[in-house]
Structures are given as C-alpha cells and as structure tokens.
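A short worksheet on the structure shown next.
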Amino acid sequence: MTLFEKIIARQIPAAIVYEDEETLAFRDIQPQAPVHILVIPKRPIPQLSKATPEDGALLGRLLQTVQLVAKQEGLVDYRVNINNGAGAGQTVFHLHLHLLGGRPFSWPPG
Ligand code: 5GP
C-alpha cells in the first residue's frame with residue numbers, strides 16, 4: 001500500500017481540503033509554495049504513463065478537482081504539475097497533481 005493509499009484510508013493523517021467519491025486533495029507536507037496541495041485519484045494509478053483509456057474520465061475529474069480547490073483557496077494564478085517517473089522527480093507512486101500557488105513562478109521549471 002502506498003503512502004497516499006494510507007491517507008485515503010485515514011491510516012495516516014493529512015490536512016484534507018477536499019474529497020469526493022473519486023478524488024482527494026490534501027496539503028503537501030513539505031510545501032514548495034504558500035499553497036501546495038496534492039490532488040489524487042482514489043483509484044491507485046501508479047503514474048500518469050500507466051493510465052489507460054478507461055481512466056480518461058477520472059483524469060478529467062482530477063483537473064476539475066484542481067480547479068475547484070484552487071477557487072476554494074482563492075487562487076487566480078497557479079501552477080499544476082505532474083512528476084511522471086523517478087527521473088522527473090516522482091517519489092510516491094500513486095498519481096498526484098501538485099497544485100501550487102501564492103507566489104510567482106518562473107519558466108522553464110528546474
Ligand atoms: P512527487 O515527488 O512524487 O511528485 O511528490 C510527492 C509529494 O508528496 C512531495 O511533494 C512530498 O512532499 C509529499 N509527501 C511525502 N510524504 C507525505 C506525507 O506523509 N504527507 C503529505 N501530506 N505529503 C507527503
């Protein structure tokens with residue numbers, strides 16, 4: 001069971017800011033911006049590249065949750081990031097979208 005499955009199951013605590021039948025959003029324990037929230041599917045897809053066509057609606061749902069949570073947090077401008085694979089910085093192998101806001105962001109990212 002991954003760390004995020006344990007958060008879904010309430011086996012380890014997290015600052016949950018939004019939940020519905022298919023998605024969960026909680027604050028990152030090591031925030032990289034004043035607002036740093038992780039949005040995850042309850043279905044355990046390990047990483048974006050492992051999603052299947054059947055996951056299409058769920059992937060859309062995740063972006064809708066990001067949109068909703070950003071609004072809830074009062075964010076107008078924000079960044080949404082997915083690290084896919086260890087080489088891209090992924091450390092937890094349960095798909096998650098990073099919602100970052102509350103400060104300016106530069107481009108390209110590091
Ligand atoms: P990744 O590096 O896989 O894209 O992102 C994993 C994120 O999970 C990191 O930003 C990290 O700070 C966060 N994280 C790791 N362990 C925990 C935890 O126990 N609770 C919460 N809320 N976030 C965590």
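Remember, predicted model here, so these are calculated numbers, not experimental data. Whatever order the structure lists ligands and atoms in, that order sets their numbers, starting from 1. These numbers come from the heavy atoms of this one structure, side chains and all, not from hydrogens, waters or symmetry mates.
When hydrogens are left out, the protein atom nearest atom 5 (O) of ligand 1 is His96 NE2, 2.9 Å; that is the closest non-hydrogen contact. Atom 23 (N) of ligand 1 has as its closest protein heavy atom Ile29 N, 3.3 Å. The protein heavy atom nearest to atom 7 (C) of ligand 1 is Asp28 OD2, 3.5 Å. Considering only non-hydrogen protein atoms, atom 2 (O) of ligand 1 sits nearest to Gly89 O, 2.8 Å. Among all protein heavy atoms, the one lying closest to atom 19 (O) of ligand 1 is Leu3 CD2, 3.7 Å. With hydrogens left out, the protein atom closest to atom 22 (N) of ligand 1 is Arg27 O, 2.9 Å, a heavy atom.
Remark: distances from the non-hydrogen atoms of Gln32 to ligand 1 are all 4.0 Å or more. Remark: distances from the non-hydrogen atoms of Phe4 to ligand 1 include one below 4.0 Å. Residue Ala14 places every heavy atom at 4.0 Å or more from ligand 1.
Relative ring orientation between His98 and His36 is described as tilted, the plane-to-plane angle lying within the 30° to 60° band.
Short contacts between ligand 1 and Gln30, defined as distances under 4.0 Å to a heavy atom of the residue, involve ligand atoms 12 (O).
Considering backbone and side-chain N/O of Asn83, one or more are found under 3.5 Å from N/O of ligand 1. Residue Val92 has at least one N or O atom closer than 3.5 Å to an N or O atom of ligand 1. Any N or O atom pair closer than 3.5 Å counts here, and Thr91 shares at least one such pair with ligand 1. For the pair Phe26 and ligand 1, the shortest N or O to N or O distance does not fall below 3.5 Å.
Each salt bridge (charged side-chain N to carboxylate O under 4.0 Å, His left out) pair with one or both residues in residues 77-104, not counting sequence neighbours, would appear here, but there are none.
Between the CD1 atom of Ile12 and the CD atom of Glu5 there is a distance of 11.0 Å, given to the nearest 0.5 Å. Interatomic distance, CD1 of Ile37 versus OG1 of Thr65, reported as 11.5 Å (0.5 Å rounding). Rounding to the nearest 0.5 angstrom, the gap separating the CD1 atom in Ile8 from the CD1 atom in Ile40 is 3.5 Å.
For Glu54, the side-chain hydrogen bond (donor to acceptor under 3.5 Å, both in side chains) partners are Thr52, not counting sequence neighbours.
Nearest approach of Ile7 to Ala14, heavy atoms of both residues: CG2-CB, 3.6 Å.
Residues Val35 and Tyr78 have side chains not in contact (no heavy-atom distance under 4.5 Å, counting atoms from C-beta outward).
At least one donor-acceptor pair under 3.5 Å links the side chain of Lys42 to the backbone N or O of Asp20.
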